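Bear in mind the structure is a predicted one, so any value in this text is a computation, not a measurement. Lettering follows sequence order; numbering is per chain, from 1.
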2 protein chains.
Amino acid sequence: MTREKPSSPNRARISSPDRPGSASWWLARGEPSTRRRRNRMLSLEAIADTALRLLDEHGIEAMTMRRLAEDLGCSQSSLYRHVRSRDELTIIVADQAIRLGMQAPPPGLDWRSEAEWLARGFRGFLLGHPSVALLLRGTERLGPNSLLGVESAVDRFIGAGLSPRHAAAAAGALATLIIGSVQFNLYLDATDPGEQQARQALYERLDPRTHPRMVRHAADIAGVGSEEEFEFGLKMLLDGIAVAVRGTADQLDG
Amino acid sequence: MTREKPSSPNRARISSPDRPGSASWWLARGEPSTRRRRNRMLSLEAIADTALRLLDEHGIEAMTMRRLAEDLGCSQSSLYRHVRSRDELTIIVADQAIRLGMQAPPPGLDWRSEAEWLARGFRGFLLGHPSVALLLRGTERLGPNSLLGVESAVDRFIGAGLSPRHAAAAAGALATLIIGSVQFNLYLDATDPGEQQARQALYERLDPRTHPRMVRHAADIAGVGSEEEFEFGLKMLLDGIAVAVRGTADQLDG
DNA sequence: ACCTGAACACCGTTCAAGT
DNA sequence: ACCTGAACACCGTTCAAGT
């Protein structure tokens, strides 16, 4: 039995000191000298790059240790000299992907326009790389590339007038909305007209006594795709942050 | 090769008419007569119940067709008389779980208090059942129990003054925040003091030239746990919706 | 010292062969 | 007609045995 012990219920909540993705794990990874091996050619970077390519070209199902070894021309066991497990690799690949998805916004934008620009940009990247979106599970939040994003978001929100704690919370909530919005709509893109029609039919066939709104507004509600849902959520969230920003300003003025 | 074809890139975006979780799939499932078989004792309900129990007691890794068959006292192949694939079963179990996680709010609350009550209640349920949280991938959004939740949320938001489209978008954004907040923090609960300390150390060791905010506010930012992040995000989102509600009211007044 | 073939203990899914 | 044992084609991970 080398897989995860099925006898530990709710293990997701149990924190072991060096669980991949934890702060101590990222801390330990910090020193490249301890993990870089003077190898012939196989490197963690090469593994991560190949994994990302496999992921993009053939979907998340193709990112297996076997295919990875095959594409890299090494044995499966060799991979374990660079990563402790597939889970670890997943986190490293996710962090890499975040670097690719984050583009610097044009200069001169106010905090709100910049947040919108970054949010739409990252969402667009994930839509173009759906398998990457499936990889993001929160374990990459403390990775170097995520932290670059947090730094910039926190800086902007503090600049707008929020406290450091609120700025961090706002950055987290925004990231949750962006990534969640893509993930929870991956298999349900209502921009497909056939799917949208089927969705409307599904709503219309509901019991009008238990679902009066869905039945009456079936066409309206079926017409709300992931794009509209995301844009509305983004507007609501940023409107709320704007309220908080003004509240801070009022407090300072008062 | 009976698994998913690795040769179809980005297949998550390709919609086939009867992909599990799609509107047409849920539509087809609507008629119980076509799927209920006069079986000796094995039923879809029994399978889903057992799956949910396995999930809760032994984690998501334990929800395999083999263990399911073992616990139900049948062969693996028998399971395929009730579900077409493990994917299908996952969606059905997710829909079941949503029913369990949704509790009716106390009567007499205004739209905002009710939204907060429901959001905190569902988040609390997911925190108590982390493996269930991992199951939610959006494919269950069109299931009967999700639709009950959408009906009630849309009804309240329309009652507050939003258009049906906006109400549907608001419900979706809210669900995204709740589920995403739990999922993206499952492995990173900052309420563990050791983890929080390690997080602060991680921030303090960043390069102050590239991460001035993270270094300066390390303690503050490390102190923001998933609870605070969720509560702030919820407040921002509902503040934003409140702005939209007032905007609608102003329009009607003007 | 470094690498890996082969094995171990699992998967989801199918179907020929049973009753 | 209904059910299933056994097989197929995969997994991630380990380690004794090679060089």
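For the pair A:Glu70 CD and D:dC10 P, the interatomic distance rounds to 11 Å; values are reported in whole Å. Between B:Leu89 atom CG and C:dC11 atom P there is a gap of 15 Å when expressed in whole angstrom units. Residue B:Glu61 contributes atom CD, which lies 12 Å from atom C1' of D:dC11 at whole-angstrom precision. Atom P of nucleotide C:dC8 and atom CE of A:Met65 are separated by 21 Å, given to the nearest angstrom. Rounded to whole Å, the distance from OH on B:Tyr80 to P on D:dT4 is 15 Å. Spacing between atom CZ of B:Arg67 and atom P of C:dC11 amounts to 8 Å, rounded to whole angstrom units. The nearest whole Å value for the distance from the CE atom in B:Met63 to the C1' atom in C:dC10 is 16 Å. Rounded to an integer number of Å, the gap from CD1 of A:Ile47 to P of D:dG12 is 13 Å.
Here B:Arg67 does not pair with B:Glu57 in a salt bridge; the nearest charged N to carboxylate O distance is not below 4.0 Å. A salt bridge is absent between B:Arg19 and B:Asp87; no separation between the charged side-chain nitrogens and carboxylate oxygens falls under 4.0 Å.
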Just do the side-chain contact (heavy atoms from CB on, under 4.5 Å) check on A:Leu52 and A:Leu100 with the steps written out, would you? CA-CA 11 Å; A:Leu52 203 48; A:Leu100 298 175; 3.5 Å; yes

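Rounding to the nearest 0.5 angstrom, the gap separating the OG1 atom in A:Thr139 from the CG atom in A:Asp95 is 10.0 Å. To the nearest 0.5 Å, atoms CZ (B:Arg123) and CG (B:Leu118) are separated by 15.0 Å.
With no hydrogens or angles considered, no side-chain donor-acceptor pair links A:Gln196 and A:Arg199 at under 3.5 Å. Side chain to side chain, B:Gln200 and B:Glu204 meet the donor-acceptor criterion of an N or O pair below 3.5 Å.
Listed pair B:Thr64 / C:dC11 meets the phosphate criterion, a side-chain N or O lying under 4.0 Å from OP1 or OP2. For the OP1/OP2 pair of D:dT13 and a distance below 4.0 Å, the side-chain nitrogens and oxygens of A:Arg86 include no atom meeting the criterion.
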Between protein and nucleotides 5-7 of chain D, what N or O pairs are separated by less than 3.5 Å?
from: D:dG5; atom 1: O6; to: B:Ser77; atom 2: OG; distance (Å): 2.6

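In a base pair of the Watson-Crick type (N1 to N3 plus N6-O4 or O6-N4) or a G-U wobble (N1-O2 and O6-N3), with each distance short of 3.5 Å, D:dA17 is matched with no nucleotide. Base pairing of C:dC3: no nucleotide in any strand meets the Watson-Crick or G-U wobble criterion (both distances under 3.5 Å). Across the strands present, D:dC8 finds its partner in C:dG12; the criterion is a Watson-Crick or G-U wobble pair with both atom distances under 3.5 angstrom.
Remark: the separation of the P atoms in D:dA9 and C:dA9 is 22 Å, to the nearest Å.
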